Amino acid sequence: MSSIVVYNTQSRRKEPFVTIEPGKVRMYVCGVTPYDSAHIGHGMSLIVFDVIRRYLTHRGYEVRHIQNFTDIDDKIINRANQEGIAADDLTEGLISAWHEESAALNVLPATAYPRATREIGPIIEMIEGLIASGHAYPVDGDVYFRVRAFPGYGKLSNRNVDDLRAGARIEVDERKDDPLDFALWKAAKPGEPSWPSPWGAGRPGWHIECSAMSSTYLDGQVDIHGGGGDLIFPHHENEIAQSEAYLGAEPFARYWVHNGLVRSGGEKMSKSLGNFVRINAILERGLGPAFRLMILQSQYRVPLTYSEDGLLAAERGLDRLRTAAAPAAAGLDEAPPDAGLCQLASTVDHRFHEAMDDDFTAPVAVAALFDLGTAINRARGEGKAAAAIEPARLKLVELAEVLGLDLTPAAGVAGGGDAPFIDLLVRVRSELRTAKQWQLSDLIRDELSNLEIELEDTPAGSNWTRRTT
RNA sequence: GGCGCCAUAGCCAAGCGGUAAGGCACGGGUUUGCAAAACCCUGAUCGGCGGUUCGAAUCCGCCUGGCGCCUCCA
């Protein structure tokens, strides 16, 4: 079906993509702990895995895409207390905002969005299994995973347990058998949200929910398990330990896929550093598509350097692609397809798939799209018939869509309550131009420009757009 | 201290042994009533020093400068 290769964090090399079930992909992507609004680091992860999912689907795979919400943990409890609301209300609001923003970024909905708090049953079942097999032990209402009972511990993040022990800066909990052991279940403190369990009221630890949910929703082992690079250790390492110990099978995930982290001002962008930009701040300016293009223009595993200039640069590039992808204003005429353009479209199609097959190297695929766009614009400039260009144009739109890049004109072009007045001014100006009243027509253009409205005169008439800033 | 990653034109960024993709910006031009958009032209020998090779941005070593993980984090 394909010759796709995927970089696997665990082996640190690209491997041929072979799924558990032929033609089907089980993909689990670690979502968020909703205690604050989403920033563009989350946006990058969202888009990276959306592109992977879209491409695999395009390649004929049936993709089951699960994304979770870890909707109970210390940060959530703390934040809810600060705001004087219930943890549930906090997470509910943030999750619905997440869905809205995700949709606005043109991210396809996942197959399912399980939440930790709604999967307590499977989580408890898994913990019981781990205790029964000697991989975990209860202490005073807590349950810990016995790291040294799992020989493969450290294989994902390439660490050995003795180095970890030496470097451990964690405050040592004397009740644990070993400082490395981590919590599967935490006993509830007074006033905390809790669920009944064989060990008393409590809540799941951080890592167990993903192990339980991925197995529950994807039938045990998975093909792709993804997330940001900052999840490799300890989160995913611990997931492997729990899941493989519980399932008695390996690998838990065939391909560990991690996106590079967004950097801002030379540092990782994160909530804890406070140097983040919210996704919403980008969406409000209509720059969602530009943001996606910016992400596509760098390889997903490499840290992304984010800057305002970079975002605007992507917006300008996107505009050029949109110009190329725009349907002929006057409709299609009679003309045979242009041979040269068709040939280029075919070459671009090939380059596109070759690049994406090779570990989803979108920057190269996008470069091919730009070449096609330039050729289309050139052909139009040379006066070629719209029908002659149409096949190439359709190819451009088709391939952009595979990447989730929407090339329809920028949102808000004709929107806004002032649109009728702007239309009127533009019409008056057209009359003035017909009468060669250039001083007045230029005045209107300049004044509109001061109001962030840009005019563009074409043989077919004048168009206006709102400037993105 | 342990484990990794990165350093390519003004900025972003591909490249994975065979002679530097693409985007943005700048400058020149075509087009335009003038603009805008679009198109054309213009720019780098790849952090430094050694080594391997017929041949290296690509492999090895050292150096310098960044970054990530080891603690919550997409």
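Note that the structure is predicted; figures quoted are calculated from it, not measured. The chains referred to below are lettered A, B, ... by the order of the sequence lines, with proteins before strands, and numbering in each begins at 1.
- Remark: A/Arg316 is in phosphate contact with B/A25, judged by side-chain N or O atoms under 4.0 Å from OP1 or OP2.
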If you restrict it to nitrogen or oxygen atoms, what contacts under 3.5 Å exist between nucleotides 30-34 of chain B and the protein, and what is each distance?
{"residue": "B/G33", "atom": "N7", "partner": "A/Trp438", "partner atom": "NE1", "Å": "3.1"}
{"residue": "B/G33", "atom": "O6", "partner": "A/Arg433", "partner atom": "NE", "Å": "3.1"}
{"residue": "B/G33", "atom": "N1", "partner": "A/Asp442", "partner atom": "OD1", "Å": "3.0"}
{"residue": "B/G33", "atom": "N2", "partner": "A/Asp442", "partner atom": "OD2", "Å": "2.6"}
{"residue": "B/C34", "atom": "O2", "partner": "A/Arg445", "partner atom": "NH2", "Å": "2.5"}
{"residue": "B/C34", "atom": "N3", "partner": "A/Arg445", "partner atom": "NH1", "Å": "2.8"}
{"residue": "B/C34", "atom": "N3", "partner": "A/Arg445", "partner atom": "NH2", "Å": "3.3"}
{"residue": "B/C34", "atom": "N4", "partner": "A/Asp457", "partner atom": "OD2", "Å": "3.4"}

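- Where A/Leu455 and A/Asn377 each meet RNA chain B at their nearest nucleotide, the meeting point lying more 5' is that of A/Leu455.
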Might you list the N or O atoms of the protein lying below 3.5 Å from N or O atoms in nucleotides 42-47 of chain B, with each pair's distance?
none

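- For A/Asn158 and B/G4, the shortest distance from a side-chain N or O to OP1 or OP2 is below 4.0 Å.
- Side-chain polar atoms of A/Arg64 and A/Tyr217 form no donor-acceptor pair below 3.5 angstrom.
- Side-chain atoms of A/Thr408 and A/Asp406 form a donor-acceptor pair, as typed in the model, at a separation below 3.5 Å.
- For A/Ile232 and B/G68, the CD1 to C1' distance is 9 Å, given to the nearest whole Å.
- Counting any heavy atom pair closer than 4.0 Å across all strands shown, A/Lys75 reaches sugar-phosphate atoms only and no base atom.
- Taking every heavy atom of residues 6-15 of chain A and every atom of RNA chain B, no pair lies under 4.0 Å.
- For the segment residues 392-402 of chain A, the set of residues with a heavy atom within less than 4.0 Å of an atom of RNA chain B is empty.
- Among the atoms of the strands shown, base atoms are found under 4.0 Å from some heavy atom of A/Asn259.
- OP1 or OP2 of B/C40 sits under 4.0 Å from a side-chain N or O of A/Arg378.
- Counting any heavy atom pair closer than 4.0 Å across all strands shown, A/Val262 reaches a base atom.
- Ion pairing of A/Lys176 with A/Asp181 is absent here, as no side-chain N (NZ or NE/NH1/NH2) approaches a carboxylate O to less than 4.0 Å.
- Computed from coordinates, the A/Leu261 CG to B/C5 P distance equals 15 Å when rounded to whole Å.
- Residue contacts shown for A/Gly381 are absent, as no nucleic acid heavy atom lies under 4.0 Å away.
- Applying the Watson-Crick and G-U wobble criteria (two distances, each under 3.5 Å), B/A7 pairs with B/U64.
- Distance A/Glu456 CD to B/A37 P: 8 Å, rounded to the nearest Å.
- What separates CZ of A/Phe291 from P of B/A74 is a distance of 14 Å, to the nearest Å.
- Note on A/Gly226: nothing from the nucleic acid sits closer than 4.0 angstrom, heavy atoms only.
- The residue A/His39 sits close to a base: some heavy atom pair falls under 4.0 Å.
- Taking atom NZ on A/Lys155 and atom P on B/C3, their separation rounds to 21 Å, with Å as the unit.
- Side-chain contact, A/Thr117 with A/Arg115: no donor N or O sits under 3.5 Å from an acceptor N or O.
- Remark: P of B/G4 and CG of A/Asn160 are 10 Å apart, rounded to the nearest angstrom.
- For the pair A/Leu341 CG and B/C39 C1', the interatomic distance rounds to 14 Å; values are reported in whole Å.
- Rounding to whole angstrom units, NE2 of residue A/His258 and P of B/G4 are separated by 16 Å.
- Within a heavy-atom distance below 4.0 Å of RNA chain B, the residues of residues 361-374 of chain A found are A/Thr361, A/Pro363, A/Val364, A/Ala367, A/Phe370, A/Asp371, A/Thr374.
- Nucleic acid contact class of A/Met294 (heavy atoms, under 4.0 Å, all strands): none.
- At a threshold of 4.0 angstrom between heavy atoms, the contacts of A/Ser270 include nucleobase atoms, whether or not backbone atoms are also involved.
- No contact: A/Gly310 has no heavy atom under 4.0 Å from any strand.
- Remark: A/Asp359 pairs with A/Arg301 by the salt bridge (charged side-chain N to carboxylate O under 4.0 Å, His left out) rule, at least two apart or across chains.
- Under 4.0 angstrom from either OP1 or OP2 of B/G23 there lies at least one side-chain N or O belonging to A/Arg320.
- When heavy atoms are screened at a 4.0 angstrom cut-off, A/Gln299 is found touching the sugar-phosphate backbone but no base atom.
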